[in-house]
Amino acid sequence: MDMLRGRLVGLILGILALVAAIATPAAATPCANLQTLALEQTTITLATDVTGGIFTIPGTNPAQSITGLPAFCRVAATIAPTLDSSIKVEVWLPATMWNGRFLGLGSGGFGGYYDYSGLAYRLKAGYAVAYTGLGTGTSGCTVHYCGSDGNKGNALAIALGDTATPSLGLYGHPERIADFGHRAVHLMTLRSKEIIQAFYQQSPTKAYFFGCSTGGQSGLMEAQRYPDDYDGILVGAPAYNRTHLYATTPLGWRNTHATPGRMIQAGQMALINKAVLAKCAGRDGGVQSDQFLTDPRHCRFDPEVLQCTGGDVPPACLTAEQVTTMQNYYAGTVDSVTGERIVPGFAPGSETEDLSAKGLLLKEQLPEPLFDGPLYWVYGPTFGQPGSTINHTNFDIHRDLPTVEAMLAEPLNATSADLSAFRARGGRLIMYQGWADELVMPQNTIDYFNALVTFDGSQFKSPRHGDTRVEEARFGGDESHPALRRTQSYARLYMVPGMYHCNGGPGPNSFAFLPALQDWVENGTPPRSVVATKYVDDTAPNVQMTRPLCVFPKIAKYNGSGSTDDAANFTCVGHEGHHDHDPNDGR
């Protein structure tokens with residue numbers, strides 16, 4: 001009996017030792033020693049222990065701090081793959097309880113900053129985590145501006161970080177454009193893994209990437225161009241076809257500035273949203289009381305129903321000119337000569353008075369288009385000056401998009417649907433997209449997923465479906481479709497009802513996909529539905545409602561009984577007859 005007890009004790013101690021070895025690597029190198037670490041094209045500028053649970057964010061006045069942190073080694077580095085490059089990177093390494101994984105974080109907008117809160121949040125979860133400003137800070141870029149004609153005293157532009165004087169952004173710096181487009185994240189990843197190896201004396205067991213918007217584009221770039229960098233990639237609202245998105249910013253701005261009467265007034269977006277919900281809520285899988293749409297593709301809404309009649313006047317109704325503005329908002333952009341769809345329109349249900357959503361109400365009040373910086377990279381300072389040959393007031397898609405693509409498509413666009421190398425090495429991709437996004441059109445992300453299905457379908461034929469190269473991959477809810485099954489074996493998309501760009505919005509906008517991605521990569525368990533939460537005032541812990549987020553093309557449908565605020569009363573179902581809307585369909 002004593003011998004058996006001894007064996008059991010020994011077994012337990014062995015298991016505990018194994019867990020401890022995984023959680024806390026032995027013989028970690030002192031953090032300060034990393035200061036002299038020799039890495040290719042890289043200068044370590046700081047390597048220091050951060051203890052006491054508090055980190056003071058550099059450059060904040062008054063000083064801002066992040067609290068409740070575990071002890072960690074903070075490493076800062078500058079990577080210079082070219083003479084004109086200056087890619088700033090931070091790597092945070094848990095002193096104890098490292099979970100063995102590396103997590104690369106994606107930047108937002110035009111980069112040029114550190115997301116210290118993001119680093120801290122993932123550090124607390126046990127990751128060795130890294131972030132880069134994408135190499136744009138040297139050019140003075142901020143999240144929203146990387147080239148402009150100056151804020152011209154506009155309070156909203158100033159609040160968004162626009163400078164008082166004209167800025168050229170990355171004009172004349174093709175290497176910095178390449179850094180921003182793809183190289184910065186790739187080199188951050190390589191150097192971070194080397195720093196992790198040097199500090200812990202072992203490599204990470206798995207590597208993950210997480211980013212939204214620009215970070216989403218960065219994640220797709222990693223899967224497409226650098227498939228060996230990450231085992232799992234999580235991307236939200238991926239701005240993957242950047243040349244198309246940037247080229248349409250002047251048209252969106254001109255939509256409301258064509259005449260003084262085209263501008264939407266305060267209160268009118270709420271008016272439109274109320275009409276959209278009255279017509280469509282509850283007819284798309286959700287319930288009638290929802291303040292958002294579950295699948296806006298089912299909503300046939302024409303803003304002309306709100307056109308002023310009799311003695312009605314705005315903002316209680318829309319003028320004929322405002323109806324045109326909103327019809328263009330939903331329609332998207334096409335090449336007027338060829339009829340090619342350049343970008344889809346925004347979805348019904350995305351109308352909001354909330355300026356933080358960076359939607360139509362904000363953009364129409366700015367002195368020039370929001371996020372048009374890359375057009376300065378192509379045309380220089382004259383792009384912000386009306387009267388010049390090509391500027392934001394006369395930019396023409398058919399005439400000028402080819403010029404933009406000739407310069408920017410290669411370094412910026414993550415449009416390849418061939419992820420075969422990433423899939424072959426066991427890589428897994430999760431994408432998510434808010435249906436109420438007013439920056440990246442929801443259909444844009446669906447289009448990319450459809451492109452994956454179409455590409456995967458082109459690789460083989462099925463006796464049941466014949467040639468599976470289906471234009472637009474209109475497979476409905478048929479999960480038996482071989483091309484869809486092939487794509488979902490390594491890539492899945494989740495559409496988030498009522499969510500703005502990356503976060504916020506009236507729908508369930510708080511969720512955690514990273515654990516599901518890890519389980520998929522490490523245990524081979526494909527993710528199904530993920531529960532999303534809407535907190536009261538978007539602040540935990542008081543829960544307003546929960547809903548399941550379903551693997552696209554399925555949607556969450558109410559079971560018909562029980563609380564509509566409880567995800568347990570919804571089921572993910574295939575929804576035949578959905579409509580990937582065409583901007584010319586007369587909606």
### Message
What I'd like to find out is whether the side chain of M431 reaches to under 4.5 Å of the side chain of L220, using heavy atoms alone.
### Response
yes
### Summary
Exactly one of T248, T415, N413 clears side chain to side chain donor-acceptor pair (under 3.5 Å) with T243, and that residue is N413
### Task
Output yes when a side-chain donor or acceptor of T78 lies under 3.5 Å from a complementary backbone atom of I87, and no otherwise.
no
### Query
Do side-chain atoms of E353 reach the backbone of M269 as a donor and acceptor pair under 3.5 angstrom?
yes
### Query
Is the F110 to F371 ring centre distance short of 6.0 Å?
yes
### Query
Do you know the tightest heavy-atom contact between P411 and A178?
CB-CA, 4.1 Å
### Query
So do T214 and R242 actually touch side chain to side chain, heavy atoms under 4.5 Å?
yes
### Message
Please find the pair of heavy atoms, one from Y500 and one from N503, that lie closest to each other, and give the distance.
### Response
CB-O, 3.2 Å
### Task
Give a yes or no on whether the backbone of T389 and the side-chain of N394 come within a donor-acceptor separation of less than 3.5 Å.
yes
### Any side-chain heavy-atom pair of S167 and Y145 under 4.5 Å
no
### Query
For atom OH of Y121, is the number of surrounding heavy atoms from other residues, nucleotides or ligands below 6.0 Å larger than 12?
no
### Query
Does atom CD of Q265 have more than 12 heavy-atom neighbours from other groups under 6.0 Å away?
yes
### Message
Is the ring pair H186/Y226 parallel, tilted or perpendicular, if the boundaries are 30 and 60 degrees?
### Response
parallel
### Message
When you compare the side chain of V378 with that of F383, does any pair of heavy atoms fall below 4.5 Å?
### Response
no
### Task
Step by step, work out the side chain to side chain contact (heavy atoms under 4.5 Å, CB included) result for T142 and L160.
CA-CA 9 Å; T142 64; L160 289 172; over 6 Å; no
### Task
Could you walk me through whether Q327 and D302 pass side chain to side chain donor-acceptor pair (under 3.5 Å), step by step?
CA-CA 7 Å; Q327 287 174 335; D302 189 336; 3.1 Å; yes
### Task
Measure across H392 and P367 and return the closest heavy-atom pair with its distance rounded to 0.1 Å.
NE2-O, 4.2 Å
#### Entry: R225 and E410: CA distance, side-chain angles, deciding distance, salt bridge (Lys or Arg N to Asp or Glu O under 4.0 Å) verdict
CA-CA 11 Å; R225 301 194 186 193; E410 193 285 327; 3.3 Å; yes
### Query
Between the main-chain N or O of L375 and the side-chain N or O of D372, is there a donor-acceptor pair closer than 3.5 Å?
no
### Query
What's the verdict on side chain to side chain contact (heavy atoms under 4.5 Å, CB included) for Y131 and R122, showing C-alpha distance, side-chain angles and the deciding distance?
CA-CA 11 Å; Y131 190 92; R122 299 303 175 181; over 6 Å; no
### Message
Just so I know, are the side chains of V235 and Y240 near enough to count as touching, which here means a heavy-atom distance under 4.5 Å?
### Response
no
### Task
Could you walk me through whether E405 and H244 pass side chain to side chain contact (heavy atoms under 4.5 Å, CB included), step by step?
CA-CA 8 Å; E405 296 208 302; H244 281 207; 3.3 Å; yes
### Query
Any donor and acceptor pair, going by atom type alone, linking the side chain of Q433 with main-chain N or O of V496 inside 3.5 Å?
no
### Query
Any donor-acceptor pair under 3.5 Å linking the side chain of T539 with the backbone of D537?
yes
### Message
Quick check: closest heavy atoms across M326 and E351, and the distance to 0.1 Å?
### Response
CE-CG, 4.4 Å
### Message
Are L277 and L293 packed together at the side-chain level, in the sense that at least one heavy-atom pair is separated by less than 4.5 angstrom?
### Response
yes
### Task
Determine whether the aromatic ring centres of Y376 and Y171 lie less than 6.0 Å apart.
no
## Note on the structure
In short, salt bridge (charged side-chain N to carboxylate O under 4.0 Å, His left out) pairs touching residues 137-152 with sequence neighbours left out are D149-K152
### Any side-chain heavy-atom pair of F422 and I233 under 4.5 Å
yes
### Query
Is there a side-chain contact between R341 and Q443 (heavy atoms, below 4.5 Å)?
yes
### Message
For E438 and Y329: C-alpha separation, side-chain torsions, deciding distance, then whether side chain to side chain donor-acceptor pair (under 3.5 Å) applies.
### Response
CA-CA 10 Å; E438 285 198 310; Y329 171 84; 2.4 Å; yes
### Task
Show your working on side chain to side chain donor-acceptor pair (under 3.5 Å) between H398 and S336 and close with a plain yes or no.
CA-CA 7 Å; H398 182 72; S336 60; over 6 Å; no
### Summary
Smallest heavy-atom separation, V143 atom then Y113 atom, equals CG2-CE2, 3.4 Å
#### Entry: Shortest non-hydrogen separation from C141 to L170 and the atoms involved
SG-CD2, 4.1 Å
### Task
Taking T325 for its side chain and R262 for its backbone only, find out whether a donor-acceptor pair lies under 3.5 Å.
yes
### Query
Do you know which of F513, W435, F552, F449 makes ring pair (Phe, Tyr, Trp, His ring centres under 6.0 Å) with Y494?
F513
### side chain to side chain contact (heavy atoms under 4.5 Å, CB included) assessment of F455 paired with L419
CA-CA 9 Å; F455 177 84; L419 302 187; over 6 Å; no
### Query
Is there a donor-acceptor pair under 3.5 Å between the side chain of E175 and the backbone N or O of S85?
no
### T259/E321 under side chain to side chain donor-acceptor pair (under 3.5 Å): CA gap, chis, key distance, verdict
CA-CA 8 Å; T259 69; E321 287 187 289; 2.5 Å; yes
#### Entry: Side-chain (N444) to main-chain (V440) donor-acceptor, under 3.5 angstrom
no
### Task
Give me the ring orientation class for Y116 and Y114: parallel if the planes are under 30° apart, tilted from 30 to 60°, perpendicular past 60°.
tilted
### Query
Any donor-acceptor pair under 3.5 Å linking the side chain of W377 with the backbone of G147?
no
